[in-house]
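Remarks on the structure that follows.
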Amino acid sequence: MKKKILNVLNEYIDGEIVLEKPKDINFGHFATPVAFSLAKKLRKSPVIIAKELCEKLLKEDIFSSVEAVKGYINFKLENEFLDKFATWSLQNENDFAKGSNNKKILLEYVSANPTGPLHIGHARGAILGDSLCKIARHLGYEVTSEYYVNDAGNQIYLLGLSVFLNAQDNFFDMDIDWPDEYYRGSYINDLACEARDNFGVDIFTDNTNVKLLSDWAKDKMLELIKSNLKECGIEFDSFVSEKKLYEKWDEVFDRLKRNGAIYEKDGKWWLNSTKYNDEKDRVVVREDKRATYLAGDIIYHDDKFKREYDEYINIWGADHHGYIERVRAAIKFLGYDENKLEVILSQMVSLLKAGEPYKMSKRAGNFILMSDVLEDIGSDALRFVFLSKKSDTHLEFDVDMFKANDSSNPIYYINYAHARINQLFEKSNKKLKDILNVKLDNLNSDAENLLFYSLLLPEVIEDAFKQRALQKLTEYLKILASFIHRFYNEYRIIATEEEDKYLKILSTSALSIRVGLKLIGIQAKYKM
RNA sequence: GUCCCAAUAGCUCAGCAGGAUAGAGCACUUGAUUCCUAAUCAAGAGGUCGUGAGUUCGAAUCUCGCUUGGGACACCA
């Protein structure tokens, strides 16, 4: 819709035109403050410019009204135009709000260490990533979703050791000298029991078995993570193993050396990342020849860029923000365009329940499990709450809010709007095909506004994706639901003269809700 | 000390490529069911947009300072 209008406007106005949403939908469907910016160039008052433009634009038949108010120009679209779009959309649900972008995107998210179950902070990144992926695909992008598995470092050994020591403590009642950074939490207990059932209790008598336990536990944890994600409807296209990537380390290392990216000092190899904005150089190979975590990420990004995508998006936890520059530097050193990499940081989450805040810490075992919250409020509610806030700000919410079955629970409210429309069809015994070709004319302003707003979804998702601001979509759905409820209360629909028209309009509303929800991984309800 | 994110209604937050009277939900007050789910709706009240300056026709939005809060600053991953 927007595009059509801009095309028309461009015939009259040179330069960039900003189309915005009027403060009040009764002013018009779209508005532009373009007269203000033209005022200087034309040396005329904005009010006069707006008036003059108005007169010219009135001739265009896609507008039913064009008004100049205090320098703004407000447009209303012709019913016929909206009607055509509505009919098409209802006939082509699967293509509704689709885009024609064709870039290839590699989207990496979650990538949590396979050393324990996912906690609520991971869930935020997971849900954001999955929803971005769904929306991007709808808009035509070719997206690969990827999980980078850190299965190579010391933390995996520590996982095995934690299981080993836990077993010695529990099964043999031994005095344990716990290392500082061991993993706690009941899942270690469970792992120890399972390992005992699997391998026999004797495995815990010989500490050369820690390595074997580590590998085994890591695989177990990866399975657990996958099932955590699945509870929320999230699946990945690919999992990349850090360990496997190390086979390519020698080659990458040589290339870095040739490109002058690394140098030897104090027996270690350093990445010269200060050359590209990092605050200091970083060690990539330690004195004992072991590579650091950064090395893994360098190989990984080399691997990513070799696969030739147009854009790379990483969703990282906010604690990684200092990490961005060094990875960018490495990408540049390897001869790639580092501007293709975009990092989205997802901030901390604090959960409230009856006003009690929880603190999270992966190591300490005092963290909130994603699966617990999912069990508490369900995947739909969790997805909705995470997406309704900007991802780069801290988020605090009370789980109790999403248990209520009334309008205080936004996901409930939206579903109810959708279900109501469906119920109308059941009561009226009409099918979509019966009302599809009803002409939408002579609509009152409430009906027209509802129709217009329902058809706005394509603009909303385009905008939400481009700005990586999915809260625009959830916000839209909330407002649309409120429009629907208001209309429902105000007008009787079944067995009135307007029945067919109203059913058609409400069908487009339901369509937008259904498609909008689907794009954030929620299945709209037909019955409450 | 350096860097990142924030500060908007009592609470949780939208709005921020500058634009019309600063919005929503919760909570609070009042009203609406002989009629499609009142699981809803309508109305009211509630704000010096942290603070000081600057940029200009115009600032919650941009720039700089300050205050307060959260986080990050490994040869851990």
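The OH atom of A/Y476 lies 9.5 Å from the CZ atom of A/F483; values are rounded to the nearest 0.5 Å. The distance from atom CD1 of A/I315 to atom CG of A/L128, rounded to the nearest 0.5 Å, is 4.0 Å. Atom OH of A/Y276 is separated from atom CD1 of A/I331 by 12.0 Å, given to the nearest 0.5 angstrom. Separation of atoms CG (A/L450) and CG (A/L506) is listed at 5.5 Å; rounding is to 0.5 Å. The CG atom of A/D303 lies 11.5 Å from the CG atom of A/D297; values are rounded to the nearest 0.5 Å.
Here, B/A6 and B/A14 have their P atoms 10 Å apart, quoted to the whole Å. When the C1' atom is compared between B/C11 and B/A72, the two are found 29 Å apart, to the nearest whole Å. Rounded to whole Å, the P atom of B/U48 lies 31 Å from the corresponding atom of B/U40.
Across the protein-nucleic acid pair, A/R326 atom CZ and B/C3 atom P stand 16 Å apart, rounded to whole Å. Rounding to whole angstrom units, NE2 of residue A/H321 and P of B/G70 are separated by 16 Å. A/L450 places its CG atom 14 Å from the P atom of B/C41, with the value rounded to the nearest Å. With rounding to whole Å, A/L345 atom CG is found 12 Å from B/C3 atom C1'. Atom pair A/K21:NZ and B/A20:P shows a separation of 12 Å (rounding to whole Å applied). Straight-line distance from the CH2 atom of A/W316 to the C1' atom of B/A72: 14 Å, rounded to whole Å. Computed from coordinates, the A/Y323 OH to B/C76 P distance equals 11 Å when rounded to whole Å. The CG atom of A/D463 sits 11 Å away from the C1' atom of B/A17 (whole-angstrom rounding).
Using a 4.0 Å cut-off, some side-chain N or O of A/R486 falls inside it from OP1 or OP2 of B/A42. For A/Y413 and B/C41, the shortest distance from a side-chain N or O to OP1 or OP2 is below 4.0 Å.
With sequence neighbours excluded, the residues that form a side chain to side chain donor-acceptor pair (under 3.5 Å) with A/S111 are A/E108. With sequence neighbours excluded, the residues that form a side-chain contact (heavy atoms from CB on, under 4.5 Å) with A/A318 are A/Q347.
Heavy atoms from other residues, nucleotides or ligands lying under 6.0 Å from NZ of A/K51 number 12 at most. In this structure, A/E342 places its CD atom where more than 12 heavy-atom neighbours from other residues, nucleotides or ligands lie under 6.0 Å away. Atom NZ of A/K403 sits in a crowded spot, with more than 12 heavy atoms from other residues, nucleotides or ligands closer than 6.0 Å. Annotation: A/E497, atom CD; neighbour count of heavy atoms from other residues, nucleotides and ligands within 6.0 Å does not exceed 12.
Listed nucleotides: B/C3, B/A77, B/U40. Nearest to the side chain of A/H485: B/U40.
When every heavy atom of A/Y147 is checked against every heavy atom of A/A112, the shortest pair comes out as OH-O, 2.7 Å. The minimum heavy-atom distance between A/Y323 and A/L294, with the atom names listed, is OH-CA, 3.1 Å.
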Got a list of protein N/O to nucleotides 43-47 of chain B N/O distances below 3.5 Å?
none

Polar atoms only, N or O, under 3.5 Å: list the protein pairs with nucleotides 6-15 of chain B and their distances.
from, atom 1, to, atom 2, distance (Å)
B/U12, O3', A/E396, O, 3.2
B/C13, OP1, A/E396, N, 2.9
B/C13, OP1, A/E396, O, 3.4
B/C13, O2', A/K389, NZ, 3.4
B/A14, OP1, A/K390, N, 3.3
B/G15, OP1, A/Q471, NE2, 3.0

Pairs under 3.5 angstrom, nitrogen or oxygen only, protein versus nucleotides 26-36 of chain B, please.
from, atom 1, to, atom 2, distance (Å)
B/C26, OP1, A/S407, OG, 3.0
B/C35, O2', A/R492, NH1, 2.3
B/C35, O2', A/R492, NH2, 3.1
B/C36, O3', A/K427, NZ, 3.3
B/C36, O2, A/I493, N, 3.4
B/C36, O2, A/I494, N, 3.1
B/C36, N3, A/I493, N, 3.3
B/C36, N4, A/Y488, O, 2.3
B/C36, N4, A/Y491, O, 2.6

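Counting non-hydrogen atoms under 4.0 angstrom, A/E279 reaches the backbone sugars and phosphates but no base. Across all strands shown, A/F27 has heavy atoms under 4.0 Å from base atoms, whether or not it also approaches the sugar-phosphate. Nucleic acid contact for A/K280: sugar-phosphate only, since backbone atoms but no base atoms lie under 4.0 Å from a heavy atom of the residue. Note on A/A31: a base of the nucleic acid sits closer than 4.0 angstrom, heavy atoms only.
Between the side chains of A/N314 and A/K304, a donor-acceptor pair is found at a separation under 3.5 Å.
Summary of the strand contacts: A/Q467 and A/L294 both lie near RNA chain B, and taking for each the nucleotide with the nearest heavy atom, the more 5' one is attributed to A/Q467.
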> Dot-bracket for RNA chain B: what is it, with Watson-Crick or G-U pairs under 3.5 Å, [ ] where a pair crosses earlier ones, and | for a pair to another strand?
Replying inline: (((((((..((((.....[...)))).(((((.......))))).....(((((..]....))))))))))))....
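No hydrogens or angles were tested; on distance alone, a donor-acceptor pair under 3.5 Å links the side chain of A/N74 to the base of B/A20.
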